Novice: 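My questions all concern the structure below.
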Amino acid sequence: MNKNVSLSNYVSKNFFREKSVIILVVVLPLLLLYSADMSAPDLLIDLRLDGKIAQVQADALLIILYSMTAVVFTAATTSFFVVYNNKKLVPRLMVSGYSRLQITMSMLLIILLINFIISLIVWIYVLYSVDVINAFGFLVGLFLGSFIFSTIGLILGDTVNNKTLGLYTLLTLGMLDTAFLENPVLSRRYDESWVILMPARASVEMILRSSVDSGVAWFDGLLTILLYELILIIGYIFIRSKILKN
Amino acid sequence: MVFSCFILPLVIIYSTWWITADLPMIFGLKESIQSIDASMIDVHVLTGGLTAMAITAGLFSFIMTAENTKLYDRLKLVGYSSTTIILASFLGLFIILTATALVATILSLSLADAKSPIGIAIAIFLITLNYAAVGNLVGTIYPKLTEGTLIILIFSFMDLMLFTNPMGIDLYLQTWTFYLPGFWPVQIALESGFLGFPTDFLKPLLLSLLYFIVVILITQIVKSDASTNLAYKVRRTFSI
């Protein structure tokens, strides 16, 4: 147990040593939430959800959606940095006596802890700013959205050799998915069928169902999120093992 | 890099047009009493063109400056002056960014109807200049690749899509936003796009060019021997 705690401690210190962490984990989410407040038009937006149309204030909708963007950015970049920065370290740790499982669990612990803390902070901000129907469902939706993007960050951290390229891929994907494509205030494509394939789709629907009464339970998309996560992980393991074989 | 100079802005402009909702926007301008009633798609395509060039110019200017820091010191050692080095690196970047700005202008004008295409083109060139200078300054002060590019990305995005953009409803036309690099080019773009060639064109043009010159001068001062010595003394005093 002591070994695992000291390893997690080491991984987390390595993570916070990265200067861009302050920008990505603190500054960027705050800026996003602030811009949601400052940029919302004074309009009622027709939100199409589960076959029903609900009228929602644009500012409330932007805060809800940008909360997911903030959480997704933090989650993806945290995972990316934790895995990328410790890539060369892993073989040395294994030589020192740590098992692959111990190393993976330590990294996952840090990633999930940071995801949870950021989800909690953003959740409190949202509850303070807008009325939601189901606060617990909202938190679960935020955390699961962060979980999927953590996995994507993890995969990129393990595969790319260029830190800047990996970071920009994550930021672009997170921004495009949660702040634009899924956003009825800014996007005219948000309810097109192909958007279902975007990573944050099911989580965004979960937080919307927790905020707006669409007649469908908030946990309706839970299976979809877990399935998406499973496909990501299995797909990655399969492709990686094929590449390693070759 | 040359390939990315063209792909990045084109992707930003096209995706802005493709995604943006067709919602009404009503806003005013700093130098005009008329209010403009426009579709969010048109506003975003025009400001998106500026954002795309700001990001491209800022990022590539930064990367070029940051990566040439060591080269700069060696060139100074063999006798080149700071001015010559900065101007030479700027010239190369300027040629590429001019071509990119031209392509970005053509794409923006093909996706949104503008009353005065010349005004849009000038606005895009001005923002390219301003952000090339900003990228150069950031690269001089803090040449760390990941953090520096993030700062440029976030700053340009917040400047052009929120602070100086009618989208930033509570912030648009606030006095402090006049001092941002994107303010006057955005004003020129919006007036040219929706009203026609700006009636008082000289003021925003000169203020935008002044911004560019001031940022270049600040970069020069930061790169000078006097400021390098001062920075060294400060670091020694505080033992950083």
Side-chain angles (χ1 to χ4, degrees), chain A residues 18-32 34-48 58-59 61-62 66 73 77 80-81 84-85 162-168 170-172 175-177 179-192 195 198, chain B residues 1 4 7-8 11-12 14-27 38-41 43-44 47-48 51 55 59-60 62-63 66-67 142-174 177:
Chain A
E18 183 76 45
K19 289 184 186 69
S20 42
V21 156
I22 310 292
I23 301 171
L24 292 163
V25 172
V26 179
V27 173
L28 201 51
L30 283 175
L31 277 176
L32 279 164
Y34 171 74
S35 68
D37 237 333
M38 293 291 131
S39 64
D42 191 15
L43 289 173
L44 279 172
I45 301 288
D46 286 335
L47 173 68
R48 274 183 286 277
D59 54 359
L61 200 50
L62 273 185
Y66 281 16
F73 270 3
T77 50
F80 178 78
F81 279 127
Y84 185 89
N85 289 347
N162 186 321
K163 187 161 70 171
T164 313
L165 174 68
L167 199 57
Y168 284 133
L170 288 171
L171 290 178
T172 308
M175 192 69 155
L176 202 63
D177 186 3
F180 289 110
L181 282 173
E182 316 272 2
N183 188 343
V185 181
L186 295 179
S187 165
R188 62 181 189 267
R189 311 259 170 214
Y190 82 99
D191 59 350
E192 288 187 4
V195 181
M198 299 307 288
Chain B
M1 181 169 150
S4 305
I7 297 297
L8 181 64
V11 166
I12 293 173
Y14 189 79
S15 60
T16 303
W17 170 81
W18 190 69
I19 289 172
T20 306
D22 190 10
L23 291 173
M25 283 182 79
I26 299 172
F27 57 92
S39 160
M40 198 188 278
I41 297 175
V43 175
H44 271 204
T47 52
T51 312
I55 291 173
L59 281 183
F60 289 115
F62 168 82
I63 291 169
E67 304 225 307
Y142 195 70
K144 303 270 191 241
L145 202 62
T146 310
E147 292 85 8
T149 52
L150 272 173
I151 289 167
I152 303 254
L153 201 63
I154 294 167
F155 180 67
S156 57
F157 196 80
M158 297 302 280
D159 176 10
L160 289 150
M161 294 306 276
L162 189 67
F163 299 143
T164 59
N165 191 315
M167 275 295 293
I169 288 156
D170 290 344
L171 301 167
Y172 180 62
L173 295 181
Q174 296 263 331
T177 63

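First the proteins, then the strands, lettered A, B, ... as listed; each starts at 1. Note that the structure is predicted; figures quoted are calculated from it, not measured. Worth knowing before you read on, the calculation uses all heavy atoms, side chains too, and leaves out hydrogens, waters and symmetry mates.
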Novice: Can you say whether I12(B) sits under 4.5 Å from chain A via the side chain, the backbone, both, or neither, judging by heavy atoms?
Specialist: neither
Novice: For each of D22(B), L162(B), I41(B), tally heavy-atom pairs with chain A at distances under 4.5 Å, and name the one with the top tally.
Specialist: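 Heavy-atom pair counts peak at L162(B).
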Novice: Give, as side chain, backbone, both or neither, the part of L171(A) having an atom under 4.5 angstrom from any heavy atom of chain B.
Specialist: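 Interface part for L171(A): side chain.
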Novice: For the atom pair CG (N162(A)) and CG (L145(B)), what is the distance rounded to the nearest 0.5 Å?
Specialist: 8.0 Å
Novice: Hey, does the Lys NZ or Arg CZ of R189(A) hover above the aromatic six-ring of W17(B), less than 6.0 Å from the centre and inside 45° of the axis?
Specialist: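 Cation-pi check for R189(A) and W17(B): fails.
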Novice: Measure distances from I19(B) to the heavy atoms of chain A and classify the residue's part below 4.5 Å as side chain, backbone, both or neither.
Specialist: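 The answer is both parts of I19(B).
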Novice: Using non-hydrogen atoms only, which part of F157(B) is less than 4.5 Å away from chain A: side chain, backbone, both, or neither?
Specialist: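 Contact with chain A is through the side chain of F157(B) alone.
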Novice: Compare every heavy atom of M158(B) with every heavy atom of L31(A), then report the nearest pair and how far apart it is.
Specialist: CD2-CE, 3.5 Å
Novice: Once you round to the nearest 0.5 Å, how far does CD1 of I45(A) lie from CG of L23(B)?
Specialist: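 I45(A) atom CD1 to L23(B) atom CG measures 5.0 Å (nearest 0.5 Å).
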Novice: Out of curiosity, T149(B) OG1 to Y168(A) OH, how far, rounded to the nearest 0.5 Å?
Specialist: 2.5 Å
Novice: Heavy atoms only: give me the nearest R188(A)-T20(B) pair and the separation to one decimal.
Specialist: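 That would be NH1-O, 2.6 Å.
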